[in-house]
Amino acid sequence: MTDAPAARLAAFLDELEGARQARDVTVIVVTKFHPVELVRELADAGHRDFGENRHPEARDKAAALDGLGLTWHFLGQLQRKKARQVARYADVLHSIDAIELVEALEGGEPGDERPVRDALVQVNLTDDPGRGGVAPEGLEALAERVAASEALRLRGIMAVAPLDEEPGRAFERLAMHAERVRRVDASADWISAGMSADWREALQHGATHLRIGTAITGNRPAGG
Ligand SMILES: *Cc1c(COP(=O)(O)O)cnc(C)c1O
C-alpha cells in the first residue's frame with residue numbers, strides 16, 4: 001500500500017473496476033477526522049464524492065472547499081435540532097431514520113433557504129434499537145413519508161453491517177429491504193452499503209454507493 005491517499009484512491013478504483021461487473025457504483029470517500037487538506041488532495045486528483053459523519057466538522061470542510069463542485073454525503077446520526085443546519089451543506093442525507101427528522105427538515109421560518117436534498121432511509125440491521133436506523137418494521141412508513149416530503153427526494157436505503165454478523169448475510173437482508181423501498185418508489189434504487197472491510201460483500205448484494213474510509217485515507221487521526 002502506498003502512502004499518498006490519491007494513490008490509494010487510484011488503487012481502490014482499479015480494484016473496484018474488476019469487481020463491479022459493469023454496474024455503476026459511486027465511491028464516497030469518508031474523510032471524518034482527517035484534515036481538509038486530505039479532502040483537497042483527493043479533489044485535486046479528480047474525486048467528487050465525500051462523506052462525513054459529524055456536524056460541525058462536516059460543515060467546516062464543506063465551507064472550506066466551497067466552489068470545487070464536491071458532493072457531500074452526511075453519514076452520521078442526525079439530531080433533530082441540527083438536521084436543518086446539516087441540510088444546508090450536505091447534498092445527500094444517508095441517515096434518515098425517523099419521521100420526526102423529516103418533520104424537522106421541513107420546518108423553519110418562511111423565506112429560509114431550504115434546498116431539496118437527496119435522502120436515504122437508514123435501516124437498522126442489528127437487534128439493538130440504540131444503533132442508528134429505523135427498525136425494519138417501520139421502513140415503509142418512513143420511506144413513504146420521505147417520498148411525500150417537499151424537503152427531500154427519496155433515493156434509496158442505507159445500512160451499516162452489524163459487527164457480530166457475517167456481512168454477506170446482513171447485506172442479503174438489506175437487499176430485501178431495498179426491494180421494499182423500491183415498492184414505495186421505483187426510482188429509489190440506491191443502496192448505500194459497504195465500508196473498507198466489507199465492500200466486496202456489499203457489492204455482491206447490490207450496493208450502488210460504497211462508503212470507503214481507511215482503505216483510501218489511511219488510519220484516522222487520534223479520536224477517530
Ligand atoms: C466511518 C464510516 C465509514 C467508513 O469506514 P471505514 O471502515 O473507514 O471504511 C462508512 N460508513 C459510515 C457510516 C461511517 O461512519
Side-chain angles (χ1 to χ4, degrees), residues 1 3-16 19-20 25-36 38-39 41-42 47 49-59 61-62 70-79 82-83 86 90-98 101 117-126 128 130-134 155-168 170-171 174 177-178 190-224:
M1 215 188 241
D3 272 331
R8 277 196 297 256
L9 170 63
F12 182 86
L13 293 176
D14 245 23
E15 194 179 345
L16 174 62
R20 73 186 176 90
V25 176
T26 299
V27 175
I28 299 160
V29 179
V30 183
T31 48
K32 63 191 185 203
F33 296 99
H34 285 285
V36 70
L38 181 139
V39 186
E41 192 179 328
L42 293 169
H47 201 74
D49 288 272
F50 294 94
E52 288 284 332
N53 73 340
R54 295 185 316 173
H55 179 78
E57 179 185 345
R59 175 197 64 200
K61 284 182 186 158
L70 305 183
T71 298
W72 291 97
H73 299 256
F74 193 84
L75 313 173
Q77 228 155 347
L78 265 173
Q79 293 174 27
K82 299 282 168 61
V86 172
D91 303 283
V92 189
L93 304 169
H94 285 239
S95 41
I96 302 293
D97 63 359
L101 261 180
R117 293 309 192 188
D118 287 332
L120 302 176
V121 286
Q122 182 180 354
V123 65
N124 184 354
L125 297 176
T126 76
D128 176 0
R131 303 299 295 265
V134 66
R155 288 296 200 176
I157 194 165
M158 179 272 212
V160 177
L163 291 171
D164 56 357
E165 186 182 0
E166 203 274 298
F171 292 140
L174 177 61
H177 296 316
W190 295 8
I191 302 178
S192 164
M195 318 194 340
S196 293
D198 58 18
W199 65 269
R200 291 175 192 78
E201 289 87 349
L203 202 60
Q204 273 168 16
H205 293 283
T208 63
H209 290 65
L210 307 177
R211 307 181 308 264
I212 308 297
T214 49
I216 292 171
T217 63
N219 288 333
R220 285 183 271 277

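Read the numbers this way: they start at 1 and go in the same order the structure lists the ligands and their atoms. Position 1 is the first residue of the sequence; numbering continues from there. Values reported hereafter were calculated over all heavy atoms of this structure, with side chains retained and with hydrogens, waters and symmetry mates removed. For clarity, every value in this text was computed on a predicted model and none was experimentally measured.
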- [ ] Specify whether H209 and H94 have parallel, tilted or perpendicular ring planes, treating 30° as the upper limit for parallel and 60° as the lower limit for perpendicular.
- [x] perpendicular
Open item on the list: Please enumerate all residues that pass ring-ring contact (aromatic ring centres under 6.0 Å, His included) together with H55, with sequence neighbours excluded.
Closed with: Y89
TODO: Could you tell me whether the side chain of F74 reaches within less than 4.5 Å of the side chain of D91, counting heavy atoms only?
DONE: no
Report each N/O pair between ligand 1 and the protein that falls under 3.5 Å, naming both atoms.
residue, atom, partner, partner atom, Å
ligand 1, 8 (O), T214, N, 2.9
ligand 1, 8 (O), T214, OG1, 3.3
ligand 1, 8 (O), R220, NH1, 2.8
ligand 1, 8 (O), R220, NH2, 3.2
ligand 1, 9 (O), S196, N, 2.9
ligand 1, 9 (O), S196, OG, 2.5
ligand 1, 9 (O), G213, N, 2.8
ligand 1, 11 (N), R211, NE, 2.9
ligand 1, 15 (O), K32, NZ, 2.7

TODO: Using a 4.5 Å cut-off on heavy atoms from C-beta on, say whether the side chain of M195 contacts that of I212.
DONE: no
Open item on the list: Using a strict threshold of under 4.0 Å (side-chain N to carboxylate O), is an ion pair present between K61 and E52?
Closed with: yes
Task: Exceeds 12 heavy-atom contacts within 6.0 angstrom, atom CG of D128 - done: yes
